[in-house]
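Order of appearance sets the numbers: ligands from 1, and atoms from 1 within every ligand. For this chain, numbers begin at 1 and follow the sequence in order.
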Amino acid sequence: LRANFSVIQKETGFVNGLIAVLHDITDQEKIEAERREFVANVSHELRTPLTTMRSYLEALADGAWKDEEIAPNFLEVTRTETERMIRLVNDLLQLSKLDSTDYRLSKEWVNFVDFFDRIIDRFEMAKDQNVSFRRKLPSHAIFVEIDEDKMTQVLYNIISNALKYSPEGGQVTFSIKEEEEKIIVSVSDEGVGIPKENIGKIFDRFYRVDKARTRKLGGTGLGLAIAKEMVYVHGGMIWAESEEGKGTEVSFSLPYEQSEEDEWS
Ligand code: ADP
């Protein structure tokens, strides 16, 4: 709903009335506005690496290619920018698949504790930072019906952020909590945190708290938007809690029915 207010003022200057006109913005208009903003964002995000590449390639063509010190450096920049564009286009393809109406999940019953544990193992093997991992996982199996590939992507996006924003020597904690009819999966870090006023926006497409900084870290601003869509199609919710300078915790829920078998085992 959009409201326009007009103040009725007499020549004396006294206000003696107020007219409020309420417009119902149709869903169609809203979708159209969002679509336009999305296209503008995509164009901007692609133009930045392309213009960077153009100037480096021009410099190389103008003679920098002959310089053994400069040339490899300039080529490296163009390679990094190409990588960024590939990541961006891959993320966009994922989002457009999620947006299409005939979207299908291929769900299977999975023990989420093992599944999460294996993903954490992969990150622990690959990490090249001084960050320690702490797992607070139940010792019994928890079976949920998920699309493993999609859920891997959700966890991948959340965990890579936790690592990206972690300080040297920081700790990343992984947990699963059981509640009535749902499980809550959380990843928390001891990183820079997110200002309160921005926390609601981090799941929006292309939203980044600090554009310059996250661009340097190679972010596209789409990781959490993809995670959100993927959690929603599983019937869950996703949210974040954070304190600036202390750290961030990103959590999501998944529907879960505790069966009698689980209770007795
Ligand atoms: P990006 O690709 O830029 O990381 P995301 O959609 O994954 O995009 O995240 C959106 C923004 O949310 C990030 O740019 C960053 O500003 C903020 N953010 C996400 N996770 C964290 C975290 N663990 N700590 C601090 N900031 C975070």
Practice problem: Under 4.0 Å, heavy atoms only, figure out whether ligand 1 is touched by the backbone of D189, its side chain, both or neither. | Solution: side chain
Quiz item: Of all the atoms in ligand 1, which lie at a distance below 4.0 Å from a heavy atom belonging to L224?
Solution: 5 (P), 6 (O), 7 (O), 9 (O), 19 (C)
Quiz item: For ligand 1, which atoms sit closer than 4.0 Å to a heavy atom of Y207?
Solution: 10 (C), 11 (C)
Exercise. Would you mind telling me if ligand 1 is within reach of the side chain of I202, the backbone, both or neither, using heavy atoms under 4.0 Å?
Key: both
Quiz item: Hey, does A225 come in under 3.5 Å of ligand 1, counting only N/O atoms on both sides?
Solution: no
Quiz item: Between the side chain of R134 and the main-chain N/O of Q171, is any donor-acceptor distance below 3.5 Å?
Solution: no
Quiz prompt | I158 to L224 - nearest heavy-atom pair and separation | solution = CG1-CD2, 4.2 Å
Quiz item: Does a side-chain N-to-carboxylate-O contact under 4.0 Å join E83 and R87?
Solution: no
Quiz prompt | Any G221 heavy atom less than 4.0 Å from ligand 1 | solution = yes
Practice problem: For V42, check side-chain contact (heavy atoms from CB on, under 4.5 Å) against everything at least two apart and list the hits. | Solution: F38, L46, L92, F206
Quiz prompt | R208: numbered ligand 1 atoms lying under 4.0 Å from its heavy atoms | solution = 3 (O), 14 (O)
Practice problem: Verify the distance criterion only: is there a donor paired with an acceptor across the side chains of Q94 and N90 at less than 3.5 Å? | Solution: no
Practice problem: Search all heavy atoms of L163 against all heavy atoms of V172 and return the closest pair with its distance. | Solution: CD2-CG2, 4.2 Å
Practice problem: State if T220 counts as touching ligand 1 under the rule of any non-hydrogen atom under 4.0 Å. | Solution: yes
Exercise. Establish whether L105 and L155 are linked, either directly or via other cluster members, by ILVMFWY side-chain heavy-atom contacts under 4.5 Å.
Key: yes
Quiz item: Is it true that D121 and R135 have a side-chain N and a carboxylate O under 4.0 angstrom from each other?
Solution: yes
Quiz item: Hey, is ligand 1 close enough to G193 that some N/O pair sits below 3.5 Å?
Solution: no
Exercise. Closest by any non-hydrogen atom to atom 20 (N) of ligand 1: pick that one out of D204, N161, I226.
Key: N161
Self-check item: N/O separation below 3.5 Å, I194 to ligand 1
Solution: no
